[in-house]
Amino acid sequence: MSKNLSPDVSECLELLKTMYVIRYAEEQLGDDFAAGKLPGGVHLSIGQEAVSAGICAHLTDRDKVSSTHRGHGHFLAKGGEPKHLIAEIYGKEEGCCRGMGGSLHVADYSKGIIGANGIVGAGIPVATGAALANHLDDDGSMTVVFFGDGASNQGVLQESMNFAALWKLPLLYVCENNQFGQFSPTATVTAGVISDRAKAFDIPVEVVDGNDVRAVWQTMAGAADHIRSGKGPVFIEAHTYRIRNHFEREHLVIKTPYRTEEEVEKMRRERDPIEMLQEWLKDENLADEATCQAIDKDAKTLVDEAVAFGDAGTPPPLDVGEKYQFVGTSS
Amino acid sequence: MSKNLSPDVSECLELLKTMYVIRYAEEQLGDDFAAGKLPGGVHLSIGQEAVSAGICAHLTDRDKVSSTHRGHGHFLAKGGEPKHLIAEIYGKEEGCCRGMGGSLHVADYSKGIIGANGIVGAGIPVATGAALANHLDDDGSMTVVFFGDGASNQGVLQESMNFAALWKLPLLYVCENNQFGQFSPTATVTAGVISDRAKAFDIPVEVVDGNDVRAVWQTMAGAADHIRSGKGPVFIEAHTYRIRNHFEREHLVIKTPYRTEEEVEKMRRERDPIEMLQEWLKDENLADEATCQAIDKDAKTLVDEAVAFGDAGTPPPLDVGEKYQFVGTSS
Amino acid sequence: MARTRFIQAINDAIREEMERDEKVFVFGEDVEASIFGDTAGLAERFGKRRVRNTPISENTLTGMTVGAAACGYRPVLHIMFANFLFTGMDGVANQLAKARLMSGGQIELPATIIASYGGGRANAAQHSDTPYSAFMNLGGVHLVVPSNPADAKGLLKSAIRSNDPVLFFEPGGRGGEMGDVPDEEYLTPIGKAAVVRQGGDLTLISMGSTMRMTIQAADQLAEQGLECEVVDVRTLAPLDEETICAAAERTGRVVIVDESRERASAASHIAAVVAEKSFGHMKAPIRRVTARNAGLPLAPASEQYLLPNVDKIVAAAVEISENGRLPA
Amino acid sequence: MARTRFIQAINDAIREEMERDEKVFVFGEDVEASIFGDTAGLAERFGKRRVRNTPISENTLTGMTVGAAACGYRPVLHIMFANFLFTGMDGVANQLAKARLMSGGQIELPATIIASYGGGRANAAQHSDTPYSAFMNLGGVHLVVPSNPADAKGLLKSAIRSNDPVLFFEPGGRGGEMGDVPDEEYLTPIGKAAVVRQGGDLTLISMGSTMRMTIQAADQLAEQGLECEVVDVRTLAPLDEETICAAAERTGRVVIVDESRERASAASHIAAVVAEKSFGHMKAPIRRVTARNAGLPLAPASEQYLLPNVDKIVAAAVEISENGRLPA
Ligand SMILES: Cc1ncc(C[n+]2csc(CCOP(=O)(O)OP(=O)(O)O)c2C)c(N)n1
Ligand SMILES: Cc1ncc(C[n+]2csc(CCOP(=O)(O)OP(=O)(O)O)c2C)c(N)n1
Ligand SMILES: [Mg+2]
Ligand SMILES: [Mg+2]
């Protein structure tokens, strides 16, 4: 896979914006949850924004993304509207899924976002079917499936890799190894190196610093090239870290700590993907403080507007459940 | 894993006997099926006897074996009585499972034979639980799970390997790669080398000629040692060949050939595990024709007796199904 | 009309729909070789791009069905034995049955899954379940269960054209049965039961594999002076409560025959619907003839003991007939 | 008696059974941290050998349960949300429910699976199913569904001691509810329903998560002059038909309340049993109040719309009451 391509300044600024939007949207959702404003729970990907941003920068609406219970970042990076995300999580009719899915199920098929998934690992077979559709379409489109280190222990990963390798499906596996599955440190429930599991299928593997958005972007550039040219699947293992709780306010139910405050603090301080990119841009004199602040502000405004949009939204009609269950038509 | 141990003459003659018993029992069952004598269908392992024999020679009743739809050989090699096998497949009360299970479900728990399985791959998680029991027992006992190349594509294989590696379970994976899953040549549905899948879990792998019973025995000697000493799982991929149909009289339903008659004939002629062992014994002057013939005859007699036993058996009472469903007691 | 084998009718339905719409593709384990014959010849006709042999990976197969359907294709998954639906259950119960609802109706899910079900052939417990009842409770999948070649063809064509997911349950081992199938193109509507016989004394309601014995029972009862109305339910979800209740009400005496196990069966459900909606018309207990609550043994007589049969249907009918016994 | 939280009663049951029998062990994803609290503290008490955090691999978890149980242990698998049973369905439907039968009774399968079920908390479609109805049809597993802390403890202890497999369905989100739990050791028998209230006008039958609203409905109806007999089914398989039918017959008017979806639900099954066995005593249609046939949406009001509630129960009861309307 070619590796020399790296994002130019304007691409870097786009990545920065995407990460800011994810960050602000999720901080908002965290606050909302704490305030008792959300109908359901949320799993935030704060600290992991670089993976979503770097991967999805290379995708178009024709490409599909299949996501996880921690899927806000994937949704936003893939072009989903912040207002549709927020309204959805607020349980409003104006949400991307008309308030039917919520955080666990955000989807916008018009943008190729084929759904977050509440069943850990289940996005993998769904994505395999989407990649088969890409393959049959034969138009250079591809599918990306995001999944966690914990999800890697679902057997469907092996099953899917076998399909993708055999049929040379245009499918990118992105394992977001954030070092925990719920309250279990990865190594306590996961043997070996996750991405090694792809090697038995002769699937090319890349391991990348998932907090370095430029590195993710660069790795993805090569992977997307490979996949779009019909050479079959690629597996990227992105090392990152979940700074926030598994779900918000988990301490209300989880009494024994599964990691130290210091560890989290250190990651927050030293490995924030937004800070890392901004510092690099400044060090390299590619962007000054003002430029970054403007992007920050734009993102904040976008999220504020999204929140206003969500707040102004209406609860769906009572009887929509059965209405949306079936389409009732035939071809 | 130690490799220097190889079977002595008396062990070789035992292996020969086991293979003959399997062979005769299955030839009988094939004839019975053709004659319309069997209530259900049968999947024969003729040509693959060396795997069962070589592996199970190292097991005791305390060890468990979890088997497949093609499980007669595993049953017999693990110490199951031919008469209990035959009576079972005849659907008789005197069968190992009282006529409830038949060919797909032969089991004798008193011998550590925890069941053939009609769901391809499903023996793997069951065996993982059995190996956990061994592990908790902590008495040096182990579990062997047999499965096919086709079953290797079930995700439970990956899941199980993760458990076994993490918990150092005394579990031996034996993939009987007989080059077909039903009517699909392995390579058409299976990417890469199956046993490589174990490597990502740091599980030691052995690839062996599954038609060379001495090689299987020898590989298993090392594997069993490793496992019993608490070092965790081992994966053996045994290359063999299914000489018979996937299920008996498959040509009645399968119209397009999926392999050539010549290929089968060549394997039958050149790679028969019984012939291979006998020839070696004779070449090395370890056993003469008469010795081999006596074993052959003993095996035949045993199977004939088993058939007589099965024939003399009685159909189970009509209402046993509900009776066996639950035990109805408490601890 | 042409006399057609059950399996051939299924095969014809798939072939016709593949001709009609190039988005239809078939996949599953050995769909080329086709153990049951229902997908035989399709690979030769449509090529390996649209007829895809797969690895043995049911969890991924059902999940892929969702992904391919949501992305513009019309997958037809052949899962072989219906028990293997349990092996790939997540894709059906948590994904296929829910993806449209969860998306707020963004997508259509034109997916069909074909599964062969039922016992009575000494296939032992893991190859002989009748699991449609369990799937009825999922809420998000349509279920069709044809009892004859004509309905099999018409229902499968409707299933493949449906923009909603449909599980097509094929009565196992009936592939060789013949029936008249119209020569011209036709569809059998999903959600419509059929009254297949008139009779004023008693209503027999059944579906799929137990229809034949139900009709035999009706014949036998007629000989003995009890005229039965017979309903072939054909679709278990959505359920044609109107036709069922009307038929129940016409006689006030109902026997429901269903090969699935008794507890929470299709038969139980139909009985509940009748007991709720047609109560005032009922003259006798609503009887169910189902499999008993156990797995199926290999031993043929022990297996048969657990399953519905003509005698059990006749006995149930007689029990609730006007005099509580056979007319002389 | 001590006022005890629902979740604590479950926790106590497991702890007591682990003390009693060292073959009992608990495993599942994060059973140490214990999201619901039902396995909290067990690892500290019994160590990591007997309280095992696992990878996320439901298919293997359910299958392992079978292997460990068949080989002399008494596994208690915590599967978390009941929807994840579908993810690991093969191990339940094709293995656990069949292994003893297929072996001709060679083994015992003392396995317990704990699953939290039910909606109403905006958990969206994949975390809010009530799947016990689908499991009723499997035939080979016992199903218990407690509605209060005392039964939860007593039923779970019985489940763990049972030499047959038991699925224990814990009403989700009820962990904080208090109830009186006996101080001394006791077991609640599997297979026995409880008449929890007497009343001659109408019989309400329910279980698990919908018991509370059923009792509230009975209170409300009583205020309005309708006295209800109330049955807590407690065990769905085996089903205590005797207690249920006797209670149904005492009033001749039955409403069954069940959180699972309508089609092939526990409610449908109980209605069918009553319509078959107690027909002669019935004075009115047998009404069912269940969830509607769809997945549950996130939006709370839309979710609630699909679920049973007190008003729906009261309305159904009134509909079939003597005068077809509320007494003045
Ligand atoms: C099939 C299934 N099992 C268990 C769960 C509960 N659960 C939700 S998130 C999670 C951990 C997932 O870990 P990982 O894949 O690493 O993703 P992360 O949360 O770290 O992003 C678990 C076990 C679930 N939702 N689905
Ligand atoms: C879950 C499941 N899917 C499909 C089948 C049908 N089936 C029976 S045997 C078989 C092929 C198995 O191939 P392999 O594992 O290589 O074993 P072999 O038959 O070659 O011994 C298949 C697909 C099944 N029994 N169970
Ligand atoms: Mg993680
Ligand atoms: Mg094979």
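Note that these values count all heavy atoms, side chains included, but never hydrogens, waters or copies made by symmetry. This one's a predicted model, so the numbers in the text were calculated from it and none came from an experiment.
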Proximal component of B:I89, with respect to chain C [non-hydrogen, under 4.5 Å]: backbone
Heavy-atom proximity to chain B below 4.5 Å, by part of C:N59: neither
C:I56 and its side chain to side chain contact (heavy atoms under 4.5 Å, CB included) partner, picked from B:V120, B:D149, B:V189: B:V120
When B:V253, B:V320, B:I119 are compared by non-hydrogen pairs under 4.5 Å with chain C, the top option: B:I119
C:I35 and B:F247, any side-chain heavy atoms less than 4.5 Å apart: yes
Approximate separation, where rounding is to 0.5 Å, of C:K48 NZ and B:T188 OG1: 8.0 Å
Top of B:G91, B:G99, B:G181 for chain C proximity - count of heavy-atom pairs under 4.5 angstrom: B:G99
Which atom of C:Q126 lies closest to which atom of B:G118, heavy atoms considered: OE1-N, 2.6 Å
Test item: B:H69 and C:H127 side chains (from C-beta on) under 4.5 Å apart, heavy atoms: no
Under 3.5 Å donor-acceptor, B:Q325 side chain and C:A294 backbone: no
Gap between atom CG of C:N293 and atom CZ of B:F326 - 0.5 Å precision: 8.5 Å
Heavy-atom side-chain contact between C:L306 and B:E322 under 4.5 Å: yes
Option that, when pairs with chain B are counted at under 4.5 Å, heavy atom only, ranks first among C:A301, C:A299, C:P300, C:G37: C:A299
Leading residue by heavy atom contact count with chain C [cutoff under 4.5 Å; candidates B:E93, B:K255, B:Q182, B:K92]: B:Q182
Selection from B:A122, B:P316, B:P315 maximising heavy-atom pairs under 4.5 Å formed with chain C: B:P316
Test item: C:S57 side-chain N/O and B:N153 main-chain N/O as donor-acceptor pair under 3.5 Å: yes
Over all atoms of both residues, closest heavy-atom pair of C:N123 and B:L104: O-CD1, 3.9 Å
Heavy-atom pair with the smallest gap, counting every atom of B:G321 and C:P297: CA-CG, 4.1 Å
C:E58 portion near chain B, given a 4.5 angstrom heavy-atom threshold: both
Side-chain (C:S302) to main-chain (B:P317) donor-acceptor, under 3.5 angstrom: yes
B:T256 and C:E32, any side-chain heavy atoms less than 4.5 Å apart: no
B:F183 to C:D30 - nearest heavy-atom pair and separation: N-OD2, 3.2 Å
